[in-house]
Amino acid sequence: MVNSNQATKTISLEQYGIKNAKVNYQLSPDELHKITIEKGQGVEANSGALAVNTGEFTGRSPKDRFIVKDAVTEDKVWWGNINIPFDTQKFDKLYNKVVDYLSEKELFVRDSYACADPNYKLNIRVINEYPWSNLFAHNMFLRPEESELTTFDPEWTVVNAPGFNADPEEDGTRQHNFAILNFTKKIALIGGTGYTGEIKKGIFSALNFILPVYKNTLPMHCSANVGENGETAVFFGLSGTGKTTLSADPNRKLIGDDEHGWTAENTIFNFEGGCYAKVINLTEEQEPDIFRAIKKGAILENVIMDKNGEVDFENITITQNTRVSYPIYHIDNIQIPSIGHNPKNIFFLTADAFGVLPPISKLTPGQAAYHFISGYTAKVAGTEAGVDEPTPNFSACFGAPFMPLHPTEYAEMLSKKMKETGVNVWLVNTGWTGGPYGVGSRMKLKFTRAMITAALEGELEHVEFENHPLFGLSMPTSCPNVPDEILNPRNTWKNLKSYDVQAKELAASFRENFAKFESYANAEIMGGAPMG
Ligand code: ATP
Ligand code: MN
């Protein structure tokens, strides 16, 4: 299944307006690894992985993500500060500047596709300025067989020029970096940033428009895996809540760690062909599957290594958001192809840094819709700011920055599917217990894993539940391999009054955030709101 993607054909980029480029088409991972090192753009870690620095940007830049507003998008996209409109003429001008910049250069081109279900396949051509960005595309997108390459017809094109800086006044961008989607020309134009995540999330955003609008399929910011009984679980959650970590479960086959579609036939397919894991504080003991996936072929981003190439996973000198990308076959237990059937359990992951939400609770359909539209997690302030107050962060559908349509369009599709399949929905707090950030501690990974396993194996069907007085969530009072005391968050706080105050404040944040969606929500959904 590991194909080298070594191509015998050559291609020209003239049709894109890129002139006299030296085109490296479909190079193998080994070649890209070697070229990156030869160019001084990366080094080899002692694990064999390639280590690179992505430069000025070590994360996505949501404020610099635009969508061209034209006949295709005008009436469908939910415009605002998440989906920021970009003018058609301005796009054409900027595009021309970017392809002029890329002309005469040595470039790296890869044909790949998204969507593991052949009925939904989206062919993608990625044109990169840097070899390691092209290796990222190899790792993250699906890899066509060589026989498919001879007749490959790219539908979408990613033009990725990290070294090109826009002139905001002239180009209509906010600053020098940008990621712009053009649905009419089917181009994702990325410049001024080397952060590789922009490439994958650009295509994700495109699919989040294409699939619901044209293919009656719900796109989801979630991971997914499948058990021995053939039942599929999906894990929604914002960044850092545990999608990648918790979906890598040696007892279940991994479907994917970040982006999936739920079809009208109730199958779940991965959009991608690889994973993009956070590596901060990574240990082999806690996360063996991810740790062992870091080998030749993988790309480490923005990590610090010693002179022997040993990575210091605790080092956040460059960024907290240290990452590794690897093709999915670096994980041992995977589902091939990346398609799951029989969705049985949905987990909403949240990292509640206020220590209020229970570590696991079962949701009613109304609560499920309410929490999906809310998309809650907490952001923990950076240490250097000197502030240790966490802030609530609400992002609709657990992925608002990637959702071109109004959140309720996705929520309605999900509600319908939940009813059709009778799937269980769980809210899992992978965040704080025993008090808020600074006082309590993060929930132990082994306990979260045990709670998820219990839910998946049906073990929570035989235990008693109690209701959270404010959030109305149904909390198990016992769970195999988890101490009873931690299941009700209030019990873990030293000062019960402080818990009640904190819980009230969080409930108020939920209600305040939801105000803008109330006019779209029926009584069932509003019944899922916290009391107050
Ligand atoms: P992204 O969308 O950015 O890829 P993600 O949802 O995939 O984010 P992960 O990469 O899984 O998030 O990150 C979760 C992080 O939290 C990991 O570094 C993991 O080690 C850590 N962690 C600590 N405690 C827990 C817990 N109880 N459950 C899950 N993750 C935990
Ligand atoms: Mn992830």
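Order of listing sets the numbers, starting from 1, for every ligand and every atom in it. Just so you know, these numbers come straight off a predicted model, no measurement behind them.
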- Answer yes or no: does an N/O atom from Glu287 fall short of 3.5 Å to an N/O atom of ligand 1? yes
- Query: Does ligand 1 have any atom sitting under 4.0 Å from a heavy atom of Gly240?
  - Reply: yes
- Task: Under 4.0 Å, heavy atoms only, figure out whether ligand 1 is touched by the backbone of Arg60, its side chain, both or neither.
- Result: neither
- Passing option when Pro131 is tested against Leu32, Val52, Leu50 for side-chain contact (heavy atoms from CB on, under 4.5 Å): Leu32
- Task: Using a strict cut-off of 4.0 Å, indicate which atoms of ligand 1 neighbour a heavy atom of Leu238.
- Result: 6 (O)
- Item | Sub-2.8 Å protein N, O or S atoms surrounding the Mn ion (ligand 2) | Thr244 OG1
- Message: Between ligand 1 and Met443, is the shortest N or O to N or O distance under 3.5 Å?
- Response: yes
- Message: Check for me whether Arg323 has a heavy atom closer than 4.0 Å to any atom of ligand 1.
- Response: yes
- the protein heavy atom lying closest to atom 13 (O) of ligand 1 turns out to be Lys278 CD, 3.6 Å
- Side chains of Trp262 and Phe269: does their closest heavy-atom pair fall under 4.5 Å? no
- Query: According to the salt bridge (Lys or Arg N to Asp or Glu O under 4.0 Å) rule, which pairs have a member within residues 271-290, sequence neighbours left out?
  - Reply: Lys200-Glu272, Glu284-Arg292
- Using the six-membered ring wherever Trp is involved, compare the ring planes of His330 and Tyr326 and label them parallel, tilted or perpendicular (cut-offs 30° and 60°). parallel
- Within 45° cone of Tyr499 ring axis and under 6.0 Å: Arg490 NZ or CZ: no
- Query: Can you tell which part of Arg442 has a heavy atom less than 4.0 Å from ligand 1: side chain, backbone, both or neither?
  - Reply: side chain
- Message: Under 3.5 Å between any N/O of Asp257 and any N/O of ligand 1: does that happen in this structure?
- Response: no
- atom 17 (C) of ligand 1 - nearest protein heavy atom and its distance: Thr245 OG1, 3.5 Å
- Message: Taking the ring of Phe271 and the ring of Phe141, is the distance between their centroids below 6.0 Å?
- Response: no
- Should the pair Asp332-Lys253 be classified as a salt bridge under the 4.0 Å nitrogen-to-oxygen rule? no
- Message: Below a 4.0 angstrom heavy-atom separation, can you tell me which part of Thr241, side chain or backbone, both or neither, approaches ligand 1?
- Response: both
- Plane angle bin for Phe510 and Phe394 - parallel if under 30°, tilted between 30 and 60°, otherwise perpendicular: perpendicular
- Item | ring-ring contact (aromatic ring centres under 6.0 Å, His included) partners for Phe183, two or more places apart | Trp156, Phe209
- Query: Is the closest N or O pair between Gly242 and ligand 1 shorter than 3.5 Å?
  - Reply: yes
- For atom 29 (C) of ligand 1, grab the closest protein heavy atom and report residue, atom and distance to one decimal in Å. Leu445 CD1, 3.6 Å
- Item | Numbered atoms and elements of ligand 1 in range of Asp258, under 4.0 angstrom, heavy atoms | 2 (O)
- Task: Fit a plane to each ring of Phe514 and Phe517, take the angle between them on a 0 to 90° scale, and name the class: parallel (under 30°), tilted (30 to 60°) or perpendicular (over 60°).
- Result: perpendicular
- Item | For atom 6 (O) of ligand 1, closest protein heavy-atom neighbour | Lys243 NZ, 2.7 Å
- If we only count heavy atoms from C-beta on, is the Ile316 to Ile280 side-chain gap below 4.5 Å? yes
In residues 223-241, what donor-acceptor pairs under 3.5 Å come from side-chain atoms, sequence neighbours left out?
{"residue": "Ser223", "atom": "OG", "partner": "Lys243", "partner atom": "O", "Å": "2.9"}
{"residue": "Asn225", "atom": "OD1", "partner": "Arg252", "partner atom": "NE", "Å": "2.7"}
{"residue": "Asn225", "atom": "OD1", "partner": "Arg252", "partner atom": "NH2", "Å": "3.2"}
{"residue": "Asn225", "atom": "ND2", "partner": "Ser247", "partner atom": "O", "Å": "3.2"}
{"residue": "Asn229", "atom": "OD1", "partner": "Glu231", "partner atom": "N", "Å": "3.0"}
{"residue": "Asn229", "atom": "ND2", "partner": "Glu231", "partner atom": "OE1", "Å": "3.0"}
{"residue": "Thr232", "atom": "OG1", "partner": "His341", "partner atom": "N", "Å": "3.2"}
{"residue": "Thr232", "atom": "OG1", "partner": "His341", "partner atom": "O", "Å": "2.6"}
{"residue": "Thr241", "atom": "OG1", "partner": "Leu238", "partner atom": "N", "Å": "3.4"}
{"residue": "Thr241", "atom": "OG1", "partner": "Leu238", "partner atom": "O", "Å": "2.7"}

- Item | Protein residue, atom and distance nearest to atom 18 (O) of ligand 1, heavy-atom basis | Ile280 O, 3.9 Å
